[in-house]
S.K.: 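Before I ask anything, here is the structure I am working with.
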Amino acid sequence: MRVLRELFYLRFHGIAVFRLDFFAPFFVDGSLFLIQLLAFGVVYSNVETIGSWGKGEMILYIGTFSLLNAVNMTIYFFGTNAIPQKIRSGELDLYLSKPVSPLFRLTFENISPGSIPLILMSICIIAFGVSKLERGLTLAGLASYLFWIVLMEILYYEMEILIRSVSLYIVSMARMEQLEEAGIDLCMKLPGIALHGVYKVIFYLILPYGIMATLPVQSMVGEMTLQRAVYGIGVVVLFSAITCAMWTHGLKHYNSASS
């Protein structure tokens with residue numbers, strides 16, 4: 001916790017010196033956020049239901065995925081996104097020489113307070129979606145929703161680390177990052193309940209972006225079954241193990257770019 005506090009202090013000190021670091025993410029991310037909302041409005045303006053979901057569930061889904069992405073942008077995106085560049089430049093050597101987990105420092109050293117308003121915007125969308133629900137909201141449903149939000153945020157983080165861990169083994173990360181962007185972009189617009197066949201296999205297991213906002217919404221509206229809950233938790237546990245193994249193995253075989 002002392003290391004985490006110090007990383008936050010250093011980050012805020014840097015933002016105080018370069019104030020554009022605070023305002024730039026807000027304007028850039030906020031603009032993208034508004035564009036996404038307009039796109040959703042156009043796509044779903046003439047659609048009454050998707051599967052068993054009505055407009056309220058869809059609005060809740062949009063807000064949920066936006067919340068997961070906003071927390072990602074605020075806490076760890078800018079830190080984890082720099083991993084491939086630090087590996088290629090040899091800067092990772094400095095992290096390995098410190099008496100703290102290199103992944104811990106990489107994760108939390110570049111938080112972005114400028115993205116915090118996106119979290120508030122996402123919560124507003126979620127609240128609006130809840131008001132449009134025809135099924136009503138229970139306290140148990142809200143508690144279950146928060147549990148799955150935390151769990152899916154962990155999965156989101158693991159996917160980012162897993163994809164960027166590939167840079168410990170190969171030189172170019174361009175294709176992997178394009179794959180990540182395409183998967184997130186598709187699943188941000190299309191809920192998991194609309195996926196079938198091979199697409200469900202891909203986005204429920206191989207690249208599980210399809211369950212990240214779907215499971216929290218299903219838990220809130222009373223569609224969460226024991227089978228789905230076990231599956232969701234199992235996917236998180238599986239990717240936790242894969243991410244840990246891939247990162248640890250990659251560090252053991254890491255050759256400094258400066259050597």
Side-chain angles (χ1 to χ4, degrees), residues 1 4 7-8 11 25 29 32-33 36 59-83 101 103-127 129-130 141-165 177 180-181 183-192 203-221 224 228-244 246-247:
M1 291 304 297
L4 185 62
L7 290 175
F8 284 177
R11 179 58 176 162
D29 298 338
L32 292 174
F33 186 85
Q36 288 174 351
I59 295 173
L60 184 57
Y61 177 83
I62 294 167
T64 300
F65 214 123
S66 296
L67 177 62
L68 292 172
N69 189 57
V71 173
N72 161 44
M73 297 292 290
T74 302
I75 298 178
Y76 55 82
F77 173 77
F78 293 101
T80 58
N81 198 49
I83 289 176
S101 165
L103 185 57
F104 180 87
R105 183 176 176 184
L106 285 165
T107 298
F108 295 109
E109 71 175 357
N110 281 317
I111 63 170
S112 175
S115 298
I116 291 177
L118 300 180
I119 297 178
L120 302 178
M121 293 179 189
S122 301
I123 293 175
C124 290
I125 295 176
I126 292 171
V130 169
L142 179 60
S144 179
Y145 177 80
L146 294 175
F147 168 78
W148 283 104
I149 283 290
V150 172
L151 206 61
M152 293 300 104
E153 192 65 56
I154 293 172
L155 181 60
Y156 203 144
Y157 170 73
E158 289 169 348
M159 289 300 298
E160 285 199 354
I161 297 300
L162 182 60
I163 288 175
R164 283 153 186 80
S165 295
E177 291 174 349
E180 177 189 44
E181 292 173 4
I184 292 176
D185 185 62
L186 174 64
C187 293
M188 186 175 284
K189 295 180 174 64
L190 197 63
F203 294 111
Y204 264 58
L205 181 59
I206 301 174
L207 295 172
Y209 299 113
I211 70 172
M212 288 182 181
T214 302
L215 293 184
V217 174
Q218 287 181 321
S219 70
M220 178 178 282
V221 301
M224 178 63 69
R228 288 172 181 165
V230 171
Y231 178 81
I233 294 173
V235 168
V236 176
V237 172
L238 174 64
F239 275 87
S240 296
I242 294 174
T243 302
C244 183
M246 191 165 181
W247 175 260

S.K.: Any donor and acceptor pair, going by atom type alone, linking the side chain of Ser219 with main-chain N or O of Pro216 inside 3.5 Å?
M.R.: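 Side chain of Ser219 to backbone of Pro216: a pair is present.
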S.K.: What distance do Glu180 atom CD and Ile163 atom CD1 have between them, rounded to the nearest 0.5 Å?
M.R.: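 CD1 of Ile163 is found 4.0 Å from CD of Glu180.
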S.K.: Begin from the C-alpha positions of Tyr145 and Thr64 and carry the test side chain to side chain donor-acceptor pair (under 3.5 Å) through to its verdict.
M.R.: CA-CA 10 Å; Tyr145 177 80; Thr64 300; 2.7 Å; yes
S.K.: Apply side chain to side chain contact (heavy atoms under 4.5 Å, CB included) to the pair Leu106 and Thr80, showing each step before the final yes or no.
M.R.: CA-CA 6 Å; Leu106 285 165; Thr80 58; 6.0 Å; no
S.K.: Please report the interatomic distance CG(Leu155) to CG(Leu162), rounded to the nearest 0.5 Å.
M.R.: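 One gets 10.0 Å once the value is rounded to the nearest 0.5 Å.
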S.K.: Work out which heavy atom in Phe65 is nearest to a heavy atom in Ala213; give both atom names and the distance.
M.R.: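 Minimum heavy-atom separation between Phe65 and Ala213: CD1-CB, 3.7 Å.
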S.K.: Determine whether Leu118 and Asn69 make a side-chain contact, defined as any pair of heavy atoms from C-beta on separated by less than 4.5 Å.
M.R.: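 Counting from C-beta outward, Leu118 and Asn69 never come under 4.5 Å.
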S.K.: What are the two closest heavy atoms between Tyr61 and Met188, and how far apart are they?
M.R.: CE2-O, 3.8 Å
S.K.: Looking only at the side chains, is there a donor atom on one of Thr243 and Glu158 sitting less than 3.5 Å from an acceptor on the other?
M.R.: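 Checked: Thr243/Glu158 side chains show no N/O donor-acceptor pair below 3.5 Å.
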S.K.: With the side chain counted from C-beta on, respond yes when Ile111 and Thr74 share a heavy-atom pair under 4.5 Å apart, and no when they do not.
M.R.: no
S.K.: Would you call Ser66 and Met121 a side-chain contact if the rule is heavy atoms closer than 4.5 Å?
M.R.: no
S.K.: Heavy atoms, side chains only, cut-off 4.5 Å: are Val130 and Met220 in contact?
M.R.: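 Yes, side chains in contact.
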S.K.: Any chance you could measure Ile75, atom CD1, to Thr107, atom OG1, to the nearest 0.5 Å?
M.R.: 10.5 Å
S.K.: Glu153 and Leu67: which non-hydrogen atoms are nearest, and at how many Å?
M.R.: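 Smallest heavy-atom distance, with atoms named: OE1-O, 4.3 Å.
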S.K.: Give the intermediate values and the outcome of side chain to side chain contact (heavy atoms under 4.5 Å, CB included) for residues Tyr209 and Asp185.
M.R.: CA-CA 9 Å; Tyr209 299 113; Asp185 185 62; over 6 Å; no
S.K.: May I ask you to decide if Glu160's main-chain N or O and Arg164's side chain share a donor-acceptor pair within less than 3.5 Å?
M.R.: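 Yes: the side chain of Arg164 pairs with the backbone of Glu160.
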S.K.: Give, for atom NZ of Lys189 and atom SG of Cys187, the distance between the pair rounded to the nearest 0.5 Å.
M.R.: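 SG of Cys187 is found 10.5 Å from NZ of Lys189.
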S.K.: Please examine the side chains of Phe78 and Met73, heavy atoms only from C-beta on, and report whether any two atoms are closer than 4.5 Å.
M.R.: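 Result yes, sub-4.5 Å side-chain heavy-atom pair found.
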S.K.: For Gly192 and Thr214, work out which heavy atoms get closest and say how close.
M.R.: N-OG1, 2.8 Å
S.K.: Taking all non-hydrogen atoms of both residues, which atom of Met152 and which atom of Ile211 are closest, and how far apart?
M.R.: SD-O, 3.6 Å
S.K.: Within this structure, what is the CG-OH distance for the pair Asn72 and Tyr156, rounded to the nearest 0.5 Å?
M.R.: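 Asn72 atom CG to Tyr156 atom OH measures 4.5 Å (nearest 0.5 Å).
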S.K.: Measuring only between side-chain heavy atoms, which start at C-beta, is Ile233 closer than 4.5 Å to Trp148?
M.R.: yes
S.K.: Would you name the heavy atoms of Phe239 and Ile206 that are closest together and state the gap between them?
M.R.: CZ-O, 3.6 Å
S.K.: Starting at CG of Leu151, measure out to CG of Leu215 and round the result to the nearest 0.5 Å.
M.R.: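 The CG atom of Leu215 is 9.0 Å from CG of Leu151, to the nearest 0.5 Å.
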